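Some notes on the structure that comes next.
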Protein chains: 2
Amino acid sequence: MRAMSKGERTRAMILDEALALSSTDGLAGLTIGSLAERLGMSKSGLFAHFGSKEQLQAAVIERAGEMFTDVVIRPSLEKPRGLPRVCALFENWIDWTKGAGLPGGCPMQSASLELDDKPGPLRDLVAHQQDRLRSFIARGVRMAMEEGHLRPDLDVDQFVFEGISISFGFAMNHRLLNHPDAEQWARNAIRGLVQRSLPDKT
Amino acid sequence: MRAMSKGERTRAMILDEALALSSTDGLAGLTIGSLAERLGMSKSGLFAHFGSKEQLQAAVIERAGEMFTDVVIRPSLEKPRGLPRVCALFENWIDWTKGAGLPGGCPMQSASLELDDKPGPLRDLVAHQQDRLRSFIARGVRMAMEEGHLRPDLDVDQFVFEGISISFGFAMNHRLLNHPDAEQWARNAIRGLVQRSLPDKT
DNA sequence: TTGACAAAAGAACGACCGTTCGTTTTAATG
DNA sequence: CATTAAAACGAACGGTCGTTCTTTTGTCAA
């Protein structure tokens with residue numbers, strides 16, 4: 001890990017700060033000037049690390065994806081496969097939304113809303129990351145079905161849609177209206193989703 | 001309606017275009033220059049109608065709220081009170097998300113994400129509108145309980161949370177990933193939510 | 001320690017931002 | 001019609017945007 005040159009180190013430092021900034025101001029609100037000022041360096045010096053603003057934004061999106069993987073996905077893999085892993089993922093996700101690291105909300109969520117009408121490489125990047133998440137959850141659910149933890153006739157895509165919707169809905173309620181009950185609602189909703197996906201007790 | 005002066009007419013015209021623009025580019029991406037160009041008028045002439053950009057943005061948010069009321073809420077009031085009205089609301093909402101009028105997605109949703117970390121009058125405005133929607137739905141659900149359409153022990157806030165989450169989740173899936181099954185998932189989820197809120201058949 | 005190269009700084013660019021102001025055009029009213 | 005107020009314009013302001021240069025500084029191996 002000490003094979004990290006000076007340039008690579010500052011680049012990583014820039015990305016960390018850029019991620020924090022874009023989580024509050026959005027991907028478009030992320031400006032090179034303010035980012036440089038926060039880091040106490042010159043615009044041009046910062047700029048040279050990325051070559052263009054779009055590439056900076058792309059790097060931010062990728063970094064956000066890595067962070068999400070580290071905080072939400074990877075820890076869930078330490079749980080036993082099947083239902084425990086699926087539940088752990090949603091719990092990690094709720095914790096992540098509550099502000100794990102980033103000052104603003106989940107940057108991927110705002111990026112999605114921001115880019116949904118703007119075709120281009122950034123939009124493709126975000127869509128791809130969302131697809132990866134979706135298929136990861138689907139894989140976990142299918143495992144849980146194989147393990148007998150969930151109904152064999154469960155509609156996997158429907159389950160994933162509802163789980164993701166709850167997570168996004170929680171972010172909305174928690175961050176904008178910061179309603180104190182939002183977390184409880186989200187946990188209840190996830191629990192209900194799981195409960196009605198269990199195998200029949202007959 | 002002919003009591004509308006020239007100024008009021010152009011102001012309305014400006015707001016319509018501003019709403020369309022902000023639905024694709026976001027509230028922050030809405031600029032006076034591009035808006036004026038689209039309308040074929042001068043920046044200063046347009047500016048004079050609002051006095052500041054923030055007031056323009058506030059007017060856009062309010063206009064978006066009116067539009068949502070016209071397209072989603074008001075039509076549901078023509079249905080009989082109780083469950084039919086609640087279901088109609090969610091169906092209207094899905095249609096609205098599919099692009100009723102606006103080229104971009106629901107402007108209120110992106111505004112929420114955009115402003116959730118930026119305290120100020122705009123954030124308050126959006127939060128207030130969301131609160132109004134939430135309490136409107138809650139009122140409808142309570143009516144349905146009184147009519148005997150829904151379980152008397154139903155957790156109203158929980159119901160509202162899940163319904164709103166589904167609607168937002170649909171927007172996300174439909175607009176960003178434009179997954180063809182998204183609408184079906186959303187309708188299934190709403191139907192499931194309603195079904196498990198019905199009175200016991202015992 | 002020197003020499004080569006990577007990294008950061010600095011100044012400047014054209015473009016666009018929100019905003020102001022004075023002027024001109026247009027609409028409403030007697 | 002003439003008058004007056006409302007509405008739209010055009011030019012300009014200070015700032016910031018992303019980006020491009022050239023120059024200076026720092027790093028790191030020979």
Side-chain angles (χ1 to χ4, degrees), chain A residues 1-22 24-61 110-111 114-115 118 120-123 125, chain B residues 1-22 24-61 63 111 114-115 118 120-123 125:
Chain A
M1 188 53 78
R2 188 82 340 267
M4 215 180 187
S5 72
K6 175 85 194 303
E8 289 169 346
R9 256 179 291 136
T10 46
R11 196 189 134 103
M13 187 202 308
I14 292 171
L15 274 183
D16 280 345
E17 193 67 36
L19 196 54
L21 219 169
S22 82
T24 63
D25 293 6
L27 258 189
L30 173 68
T31 75
I32 294 178
S34 57
L35 186 54
E37 195 184 10
R38 276 208 196 199
L39 291 159
M41 65 186 299
S42 66
K43 281 205 303 177
S44 51
L46 191 155
F47 182 88
H49 282 272
F50 302 94
S52 79
K53 171 154 190 189
E54 196 178 41
Q55 282 176 264
L56 166 63
Q57 291 171 316
V60 167
I61 292 173
S110 37
E114 232 179 294
L115 298 170
K118 294 172 187 159
L122 293 183
R123 190 197 126 115
L125 236 176
Chain B
M1 189 53 79
R2 188 83 337 269
M4 215 180 187
S5 73
K6 175 85 192 303
E8 289 168 352
R9 256 179 292 135
T10 46
R11 194 190 134 102
M13 187 202 309
I14 292 171
L15 274 182
D16 280 344
E17 193 66 37
L19 196 54
L21 219 168
S22 82
T24 63
D25 293 5
L27 258 189
L30 173 69
T31 76
I32 294 178
S34 58
L35 185 55
E37 195 185 10
R38 276 208 196 198
L39 290 159
M41 66 186 295
S42 64
K43 282 205 301 178
S44 51
L46 191 155
F47 183 87
H49 282 271
F50 301 93
S52 78
K53 171 154 190 189
E54 195 178 42
Q55 283 177 263
L56 166 63
Q57 291 171 315
V60 167
I61 292 173
R63 185 85 186 78
E114 231 179 291
L115 299 169
K118 296 172 186 160
L122 293 183
R123 190 197 126 114
L125 236 177

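This is a predicted model, so every value here is computed, not measured. So that the names make sense, note that chain A is the first sequence line, chain B the second, and so on, each numbered from 1.
- Using modelled atom types, no side-chain atom of B/S34 and backbone atom of B/L30 make a donor-acceptor pair closer than 3.5 Å.
- Without hydrogens or angle criteria, B/E114 side chain to B/L27 main chain gives a donor-acceptor distance under 3.5 Å.
- What you find for A/A59 and A/F50 is that their closest heavy atoms are CB-CE2, 4.1 Å.
- In this structure, A/L35 atom CG and D/dT16 atom C1' are separated by 15 Å, rounded to whole Å.
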Reading nucleotides 4-22 of chain C from 5' to 3' and marking B where a protein heavy atom lies under 4.0 Å of the base, S where only the sugar-phosphate is that close, and - otherwise, the string is ---SSBB------SBBBB-

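- Of the options B/L35, B/T10, B/I14, a side-chain contact (heavy atoms from CB on, under 4.5 Å) to B/M41 is made by B/I14 and by none of the others.
- Counting heavy atoms from C-beta on, the side chains of A/H49 and A/L56 never come closer than 4.5 Å.
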